[in-house]
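Note that these values count all heavy atoms, side chains included, but never hydrogens, waters or copies made by symmetry. Just so you know, residue 1 is the first one in the sequence shown, and it goes up from there. Keep in mind that what you see is a predicted model, and the values were worked out from it rather than measured.
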Amino acid sequence: MSDSAIPALKLTSSSRLFDGDLQGFEHYSNSCDSIMRFSVYLPPQAEETKVPALLWLSGLTCNEENFMLKSGAQRYAAELGIALIAPDTSPRDTGTAGEEDEWDFGSGAGFYVNATRLPWSRHFQMYDYVSKDLLEVVAANLPLDTGRLSVSGHSMGGHGALIVALKNPGMFKSVSAFSPICAPAKCPWGIKAFTGYFGEDRERWRQYDASELVGQASEKLPLLIDFGAADEYLEEQLLPGLLEDACSKHEHPLKLRIHPGYDHGYYFVASFIGEHLQYHASALAP
């Protein structure tokens with residue numbers, strides 16, 4: 001896509017933070033045929049040069065602000081010279097019937113897939129949004145070196161981080177996840193979402209399931225994944241064992257850590273986000 005075809009950004013907020021800038025933007029997304037929002041933290045180094053970036057994908061019910069408000073990641077990003085990009089988790093206010101009816105489907109629950117079933121297929125194209133539209137618009141408008149890009153996320157967003165990395169060899173220098181939904185085709189959250197967005201096309205489901213994709217990945221990008229041992233969703237919804245088995249079977253490098261006492265929330269993310277950013281900084285170094 002040429003720069004002239006990339007929709008313009010509208011700045012909606014800006015705050016100084018650790019000598020960098022936390023900014024909110026909105027823009028029209030061609031893929032979603034709607035206005036989309038995202039937040040960016042630009043570290044102080046971005047005032048002098050283009051900086052590498054971490055794409056962060058958030059979980060169910062979240063928007064583009066949750067990670068920036070709750071994770072404490074900006075302190076580490078400022079020290080390491082890494083920008084943070086956090087998009088919303090779905091299109092909003094599209095007029096799609098039922099988009100606001102349920103907390104785990106529709107608004108706030110795009111699952112980072114391209115819906116194929118009406119009425120969702122018109123706007124809910126979140127996979128294309130995070131892997132194409134968003135990256136094009138930040139590359140065209142912000143001082144980011146998108147040739148040095150990593151990806152991470154939490155819960156539904158951890159699922160999103162894993163699939164977008166596994167499906168796009170060479171796009172990311174590193175990938176990590178907190179409490180990801182590892183096998184959405186086999187857990188209640190994923191089955192509900194995939195049925196709604198795809199119908200009964202189980203082959204389509206497998207195309208967005210990390211435990212299936214590791215066997216197809218042409219790039220063996222190592223996976224760093226953290227879970228809390230006290231996470232109430234660990235056994236029913238997140239299913240880490242299925243991803244661990246798939247990585248072992250296909251010899252895909254995986255570092256999976258389970259931390260005693262931690263649950264599913266952002267206090268867990270905040271406790272280990274510094275380690276994750278240091279991990280990504282090593283991969284993003286020139």
Side-chain angles (χ1 to χ4, degrees), residues 1-58 63-65 67-68 73-74 77-78 80-94 110 112-114 122-153 157 160-161 163-165 167-175 277 280-281 283-286:
M1 180 184 291
S2 66
D3 289 351
S4 61
I6 298 175
L9 281 181
K10 177 183 178 182
L11 180 68
T12 58
S13 65
S14 184
S15 299
R16 196 71 169 165
L17 186 63
F18 299 117
D19 293 324
D21 294 293
L22 177 61
Q23 298 177 329
F25 294 98
E26 64 180 36
H27 69 111
Y28 173 77
S29 163
N30 290 297
S31 294
C32 294
D33 188 22
S34 66
I35 299 298
M36 295 295 295
R37 300 192 299 267
F38 66 93
S39 295
V40 171
Y41 177 69
L42 295 174
Q45 295 86 342
E47 296 180 2
E48 304 294 333
T49 187
K50 288 186 175 183
V51 295
L54 175 72
L55 173 63
W56 173 271
L57 304 181
S58 292
N63 59 28
E64 74 281 3
E65 294 184 325
F67 174 70
M68 297 298 187
Q74 297 94 331
L80 296 168
I82 298 174
L84 306 172
I85 309 167
D88 201 350
T89 53
S90 77
R92 307 270 179 175
D93 304 316
T94 66
Y112 305 102
V113 302
N114 287 341
R122 178 178 174 185
H123 298 292
F124 282 69
Q125 303 292 307
M126 285 299 295
Y127 174 80
D128 279 356
Y129 176 68
V130 298
S131 64
K132 181 182 176 184
D133 291 19
L134 175 63
L135 300 183
E136 288 179 340
V137 78
V138 297
N141 290 278
L142 298 173
L144 305 181
D145 179 359
T146 52
R148 290 190 290 152
L149 183 66
S150 293
V151 63
S152 187
I163 64 167
V164 77
K167 288 166 72 72
N168 292 278
M171 180 178 287
F172 301 102
K173 300 297 185 184
S174 55
V175 57
L277 281 174
H280 293 299
L284 292 167

> Measure the CE-OG1 distance between Met171 and Thr146 for me, rounded to the nearest 0.5 Å.
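If we round to the nearest 0.5 Å, Met171:CE and Thr146:OG1 are 10.0 Å apart.
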> If only atom types and distance count, is the side chain of Asn114 paired as donor or acceptor with the main-chain N or O of Asp128 below 3.5 Å?
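Pair found, side chain donor or acceptor close to backbone of Asp128.
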> Which donor-acceptor pairs under 3.5 Å do side chains of residues 47-57 form with protein atoms, sequence neighbours excluded?
residue, atom, partner, partner atom, Å
Glu47, OE2, Arg16, NH1, 3.0
Glu47, OE2, Arg16, NH2, 3.0
Trp56, NE1, Ser58, OG, 3.1

> Looking at residues at least two apart in the chain, or sitting in another chain, which of them share a ring pair (Phe, Tyr, Trp, His ring centres under 6.0 Å) with Tyr129?
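Ring pair (Phe, Tyr, Trp, His ring centres under 6.0 Å) list for Tyr129, sorted by chain: His27.
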> For the backbone of Glu65 and the side chain of Asn63, can you confirm whether one donor and one acceptor N or O come within less than 3.5 Å of each other?
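Yes.
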> If we only count heavy atoms from C-beta on, is the Tyr112 to Val164 side-chain gap below 4.5 Å?
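No, every pair of side-chain atoms sits at 4.5 Å or beyond.
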> Going from CD on Glu26 to CG on Leu11, what distance comes out if it is rounded to the nearest 0.5 angstrom?
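Interatomic distance, Glu26 CD to Leu11 CG, rounded to 0.5 Å: 10.0 Å.
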> What residues, two or more places apart in sequence or in another chain, satisfy side-chain contact (heavy atoms from CB on, under 4.5 Å) together with Gln74?
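Per chain and number, Gln74 pairs via side-chain contact (heavy atoms from CB on, under 4.5 Å) with Leu17, Phe18, Leu22, Tyr41, Met68, Leu84.
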> Shortest non-hydrogen contact from Ala86 to Phe67?
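Shortest heavy-atom contact: CB-CD2, 4.4 Å.
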> List for me each residue that meets side-chain contact (heavy atoms from CB on, under 4.5 Å) alongside Asn141, sequence neighbours excluded, and say none if there are none.
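By the side-chain contact (heavy atoms from CB on, under 4.5 Å) rule, Asn141 matches Leu9, Val137.
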> Partners of His280 by side chain to side chain donor-acceptor pair (under 3.5 Å), sequence neighbours excluded?
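His280: side chain to side chain donor-acceptor pair (under 3.5 Å) contacts with Ser174, Ser176.
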> Is there a donor-acceptor pair under 3.5 Å between the side chain of Thr12 and the backbone N or O of Gly24?
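Yes; judged by distance alone, with no hydrogens or angles, the pair exists.
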> Going by side chain to side chain donor-acceptor pair (under 3.5 Å), name the residues that satisfy it together with Ser34, two or more places apart in sequence or in a different chain.
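Checked Ser34 against side chain to side chain donor-acceptor pair (under 3.5 Å); zero matches.
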> The criterion is salt bridge (Lys or Arg N to Asp or Glu O under 4.0 Å); which residues satisfy it with Asp33, sequence neighbours excluded?
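For Asp33, the residues satisfying salt bridge (Lys or Arg N to Asp or Glu O under 4.0 Å) (neighbours in sequence not counted) are Arg122.
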> Is the shortest heavy-atom distance from the side chain of Cys32 to the side chain of Phe124 under 4.5 Å?
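No, side chains not in contact.
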> Within this structure, what is the CG-CD1 distance for the pair Leu144 and Ile82, rounded to the nearest 0.5 Å?
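It is 12.0 Å, given to the nearest 0.5 Å.
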> Going by salt bridge (Lys or Arg N to Asp or Glu O under 4.0 Å), name the pairs with one or both residues in residues 82-93, residues two or more places apart or in two chains.
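Every pair satisfying salt bridge (Lys or Arg N to Asp or Glu O under 4.0 Å) with a residue in residues 82-93: Arg37-Asp88, Asp88-Arg92.
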> In Å and rounded to the nearest 0.5 Å, what is the OG to CZ distance from Ser29 to Phe38?
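One finds 11.0 Å between OG of Ser29 and CZ of Phe38.
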> List in chain and number order the residues that pass side chain to side chain donor-acceptor pair (under 3.5 Å) with Ser90, two or more places apart in sequence or in another chain; answer none if no residue qualifies.
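Ser90 satisfies side chain to side chain donor-acceptor pair (under 3.5 Å) with no residue once adjacent residues are dropped.
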> State, with a plain yes or no, whether a side-chain heavy atom of Gln23 is found less than 4.5 Å away from one of Leu42.
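They are in contact (side-chain heavy atoms under 4.5 Å apart), so the answer is yes.
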> Just jot down the side chain to side chain donor-acceptor pair (under 3.5 Å) partners of Ser39, sequence neighbours excluded, or say none.
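Checked Ser39 against side chain to side chain donor-acceptor pair (under 3.5 Å); zero matches.
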> Output the distance between atom CG (Leu142) and atom CD1 (Ile85), rounded to the nearest 0.5 Å.
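One gets 7.5 Å once the value is rounded to the nearest 0.5 Å.
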> Ignoring hydrogens, what is the shortest heavy-atom contact between Pro43 and Ala78? Give both atom names and the distance.
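Distance-wise, the nearest heavy atoms are CB-CA, 4.0 Å.
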> Rounded to the nearest 0.5 Å, how far apart are OH of Tyr28 and CG of Asp133?
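One gets 9.0 Å once the value is rounded to the nearest 0.5 Å.
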